[in-house]
Structures are given as C-alpha cells and as structure tokens.
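Heads up, the thing below is written out as structure tokens.
Each chain gets a letter, A, B and so on, in the order its sequence line appears, and its residues count up from 1.
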Amino acid sequence: MRLSKYFMPTMKDNPSDAQIASHRLMIRAGMIRQSASGIYSWLPTGFKVLRKLENIVHEEQVRAGHIPMLMPTLQSADLWRESGRYDDYGKEMLRISDRHGRDMLYGPTNEELITDIFRDNVQSYKDLPMTLYHIQWKFRDEVRPRFGVMRGREFFMKDGYNFDVDKDSALHAYNRHMVSYLRTYERMGMKALPMRADSGPIGGEDTHEFLVLADTGESEVFYDKAILDLHLGDRAVDYDSWDQCAEIAREWTTPYARTDETHDPELFAQIPSERQGQSRGIEVGQIFYFGTKYSDAMNAKVVNDQGREVPVHMGSHGIGVSRMLGAIIEASHDENGIIWPEAVTPFGVGIVNLKQGDDDTDAACEALYKSATLLGLDPLYDDRKERAGAKFSTMELIGLPWRITVGPRGLKNGVVELTCRKTGESEELTAELALEKLAKIYQGL
RNA sequence: CGGGCUAUAGCGCAGUCUGGUAGCGCGUUCGUCUGGGGGACGAGAGGUCGCAGGUUCGAACCCUGCUAGCCCGACCA
C-alpha cells in the first residue's frame, strides 16, 4: 500500500478524552474513531489488524476441531425467557422491539441461541462431541464504557459452545479449549495466563480467565512467576487426545495464578517469595464448563448409547477479539507509539523514502516496494512528500515492526537501512538482503 | 447507578467572571526555500460557539431546560 493512497488519518496531539495508551494510540494512529460512547468505527488500519486477529482465532479453532458458523446479532427475547436469563441479565442487555412490538435484544452472548439450534437438529450421541463457534459483534450496555475498545459496549468476540454426552467428555472439551486458547494467544505474539475465575452470570462449575499482563489492566492478578516460563512453542498437539490436553492444561494450571476475585493469600504465601508475581491484567478470554445448566433449562437432550435421553453437557468459551487488540497495544508500546508483534501487524514493513521526488531514490523505493509486495511482505510505502522526521514519527506511531529507510546517502553505497521497531536497532545492508531477512522472519507466522 | 467535570475550526485549547467585530498552536491548501527525526518564510481556506428557550438595544459569555462526552467509585468479555 502506498501511504499517499491510503486512508490513515494520524494525529500528532493526544485526544483529550482518551486516557490510556491503547485508546490514545489507536486514535492517533488512525485505527478507530468513536461513534458513540463505547461504540467505534474501525478505520482501515484498525480493521486490518482486527481481521488478522480474527483469522488467527479461526485457524486455531478449526485446528482444534471446532466448527465455524455465524449467528445473528439480534435475537428474540423468547429464548432468553426460556433460560430465565431475560430477567437475570439486567440492564446490560440492550432490549429493543420490532414493528410488531415483539421483544428483541442485541445479543450479549449466544448460549440460548446455540442451544436452540442444537436441540432442534441433534438427537443422538453419535453426533457428539460437537463444538460450534462464531465470531460476531456483541453488545453489552455497560454502565460506564471506557478505555476505547478495551471496554466498549459493542465488541467483537469469538464465542464457542461444546456439546458432549457426559461430563468427562465435556471436561476434555474444556481442556482442549485451554490448549487451543494458549496457542491462539501465543500466535498473536502475546502471553495470556489462565487464571482460576468466578463464573459470573454464565454460571458453572469450572472456569478460567486468560489475562494479559499490563499496567493498565482492570484486574489485580497474583501468580507464580514459574508460569511465565511456560511455552507451547511448536509442540505437536493432538486435540483429540484427552491425556495430552489434560496434561498441558495441568502444566498451565498448576502454578498459582489468580485474579483478585479468587485470590487466596494463604496459598499465595506458600510460593517462594522471589517467585511471587503481582501486577495488573487485562482479561482477553474465558472458558467455562457449566454442565447441564442450559440443556436442562432448554430441554436439549440426546439419546445415549443405552437408548436413554440425557441432557447434554455444555461449556462455553470466549475470546474478546476487539479487546485483544487493545490489550496487545497496552502490553506492547513505547512513548513513540505502538509496537506490533509480526503476527498481527497491519503491514509487514514500512518503506520510508527520505527524498521523495528525487529520481534515484524514488526508483529505488519503487523497486523495493514491488519486490516486497511480491514476497508477500505487505509493505506500507510512505511516498508522501513529507520530511524525514515526519515519516519516521508516523512509522513509529503506527508501530510497524520493521522499517526500511531509503535515502540518497545510503544508495550511494548501495545500501538501505533496516530498523527494528522494538529494539530501535538499525543495520545497513543491500535491499535484497533486507528483504531476504524479513521474508525469513515472516515465514511460518 | 452515586459523585465530579466538560462541550468554541479536523485535533489541542484561550475567550465566559466583568455581554459589544470569533482567537491561538498544530493540522490543512497554495507558493518559495529546505531535505536523515514532526523545518522556515509568505499567502489562504475553515466556526449555526452542543441543542432549545429566556433576559437584553445587543449573548460564546447571564438565566432555565435538554442532549452528548469524559473522569472517580460500585459492576463487567
């Protein structure tokens, strides 16, 4: 993409009503614009990152054997009356009525709808286990939206639902989700720690939240620092293996890690003091096992291998995709702007032309831009007639992990400059070598 | 939902107390110079002062009502 032809309205000044880094930076980098309290338009750059996160979530869900679908944002109140949550959910649920006066609502989650679909179409244990999910906009009418997309009213979320014939199978689904979530966050370049949590309005017997550590997090978290050293890496995971999923889940849930909601000071005190970690965290996902809560309420049954009808065991799982975007920025930025992990960056590399209008420099940039595009590096070429300082500042603000600087001085020696956003380190090398190096970095992400 | 605050150009703000021609910085447009960290100079464009009503010869400013947004707290993916 040529910056001169793109739509990325950046700002030098901080907007007055954005308080935290991710909110400020997303607005300044031209990623979002507020349309109403807690409701945002996603400008091209923000949308691009959102789609990348969404794709990673999809890929990891499918890898774990889960089946994508799409449910509507608007739901009928009837199903929610059946589960009893129409009254329980309170004012957080946006209630509306259609022209016939029928009670509708903008879905804050989808347990009722998916259970309805399931019970109408699945009757036998032979169709189980089954996990369905979708990634869709949700609306929760928060009393006090804030922090940009981190705590918006409208948000983009992956929510999935597993259906199993018995508890053991459902617990495997729980473990399988934990593993697939760990992998999802790792692929995004983030560390999100599973922590024992409260079940809240979803209800249930077991639940873990996933938290990204960041100073601006809304929860106080306590953990054994040993958990920070755990990595899934590229280990081969068989998502059908109950043992392997349980083993990985055990690995991550054995070190102490809890939010203030479930914190147990006595247990925490037993950890060697040098390993006691305490900080703030941003919740970016949660998994639940809630047994037959919804299947009982909504009469979702299957016939088991004994020929008897039994209520299905269920769980639900969510990843806040739009919130994740904010969380990544919170965890990865500096005073100059965002620092994107390679896996989710809006563009793979920024090309800065230091002397726009100079024949040689322009030609070198054009050639570089073309090669980078062919290599799939998705470059952003700053071809504006701006001075060097402005171009550097823009690149740093929007946070591309790599920058290639092309100027007459380097070209005289046949080199360009490759700069890492994270470390700030630069090296001079030929354009070919720079691209080769980047291609290697982006390979296999 | 309790407490506090704000609304003036795309963004950040002054002007309101004490009513009398709508301002500043950044951005933006054009020109000249400049050219490796948001450069300089010159010339422009851009505002129903959140909305409605009232007081007044006259309201961004005073009064009343409304709306929107933000902050702290309690609550939440």
Set out, in order, the CA-CA distance, both residues' side-chain angles and the distance that settles ring pair (Phe, Tyr, Trp, His ring centres under 6.0 Å) for A:Tyr381 and A:Tyr369, then state yes or no. CA-CA 7 Å; A:Tyr381 172 26; A:Tyr369 176 58; 5.7 Å; yes
Position toward the 5' end of RNA chain B (nearest nucleotide), A:His23 or A:Pro408: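 The residue closer to the strand's 5' end, by nearest nucleotide, is A:Pro408.
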Both A:Pro15 and A:Val406 contact RNA chain B. Taking the nearest nucleotide for each, which residue is further toward the 5' end? A:Pro15
When all nucleic acid strands are considered with a 4.0 Å heavy-atom cut-off, which category describes [X]: base, sugar-phosphate, or nothing?
| X | value |
| --- | --- |
| A:Gly152 | base |
| A:Gln34 | sugar-phosphate |
| A:Lys91 | sugar-phosphate |
| A:Ala390 | base |
| A:Asp159 | nothing |
| A:Glu209 | nothing |
| A:Ala36 | sugar-phosphate |
| A:Gly318 | nothing |
| A:Arg24 | nothing |
| A:Ser393 | base |
| A:Thr394 | base |
| A:Lys158 | nothing |

In the structure shown, which nucleotide is the Watson-Crick or G-U wobble counterpart of [N], with both distances under 3.5 Å?
| N | value |
| --- | --- |
| B:rC30 | B:rG42 |
| B:rG36 | none |
| B:rG73 | B:rC1 |
| B:rU6 | B:rA68 |
| B:rG25 | B:rC11 |

Distance check, [atom1] atoms only: [N] and [M], in whole angstrom units.
| N | M | atom1 | result |
| --- | --- | --- | --- |
| B:rG19 | B:rG58 | C1' | 8 Å |
| B:rG69 | B:rC24 | C1' | 24 Å |
| B:rG44 | B:rU8 | P | 27 Å |
| B:rC30 | B:rU67 | P | 44 Å |
| B:rG23 | B:rG47 | C1' | 11 Å |
| B:rG12 | B:rA7 | P | 12 Å |
| B:rC11 | B:rG27 | C1' | 7 Å |
| B:rA45 | B:rG50 | P | 23 Å |

Rounded to whole Å, please give me the gap between [atom1] in [X] and [atom2] in [N].
| X | N | atom1 | atom2 | value |
| --- | --- | --- | --- | --- |
| A:Arg151 | B:rC71 | CZ | P | 11 Å |
| A:Glu218 | B:rG73 | CD | P | 10 Å |
| A:Gln19 | B:rC70 | CD | P | 10 Å |
| A:Tyr40 | B:rG69 | OH | C1' | 10 Å |
| A:Arg146 | B:rA74 | CZ | C1' | 10 Å |
| A:Arg28 | B:rG38 | CZ | P | 15 Å |
| A:Lys12 | B:rC11 | NZ | P | 17 Å |
| A:Glu417 | B:rG37 | CD | P | 11 Å |

A:Ser16 vs B:rC13: side-chain N/O to OP1/OP2 distance below 4.0 Å: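 A:Ser16 to B:rC13 OP1/OP2: side-chain N or O found under 4.0 Å.
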In terms of heavy-atom contacts, does OH of A:Tyr6 have more than 12 from other residues, nucleotides or ligands at under 6.0 Å?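 Yes.
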Under-3.5 Å donor-acceptor pair between A:Glu386 side chain and B:rG38 base: no
If you take atom types as modelled and just measure distance, does the side chain of A:Arg387 reach the base of B:rG39 with a donor-acceptor pair under 3.5 Å?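 Between B:rG39 and A:Arg387, which were checked side chain against base, a qualifying N/O pair under 3.5 Å is present.
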Inter-residue atom distance A:Ser219.OG - A:Asp260.CG, 0.5 Å rounding: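 Interatomic distance, A:Ser219 OG to A:Asp260 CG, rounded to 0.5 Å: 5.5 Å.
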Determine, for A:Phe156 and A:Lys138, whether the Lys NZ or Arg CZ falls below 6.0 Å from the six-membered ring centre while staying within 45 degrees of the axis. no
Quiz item: cation-pi between A:Arg176 and A:Tyr239, 6.0 Å / 45°: no
Are A:His231 and A:Lys191 packed together at the side-chain level, in the sense that at least one heavy-atom pair is separated by less than 4.5 angstrom?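 Of all side-chain heavy-atom pairs linking A:Lys191 with A:His231, at least one is under 4.5 Å.
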May I ask you to decide if A:Val415's main-chain N or O and A:Asn413's side chain share a donor-acceptor pair within less than 3.5 Å?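 Side chain of A:Asn413 to backbone of A:Val415: no pair is present.
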By nearest atom, which of the nucleotides B:rG38, B:rC76, B:rG25 is closest to the A:Asp13 side chain? B:rG25
Out of B:rC71, B:rC76, B:rG35, which nucleotide sits closest to the side chain of A:Arg144? B:rC71
Between A:Asn162 and A:His177: side-chain donor-acceptor atoms closer than 3.5 Å: no
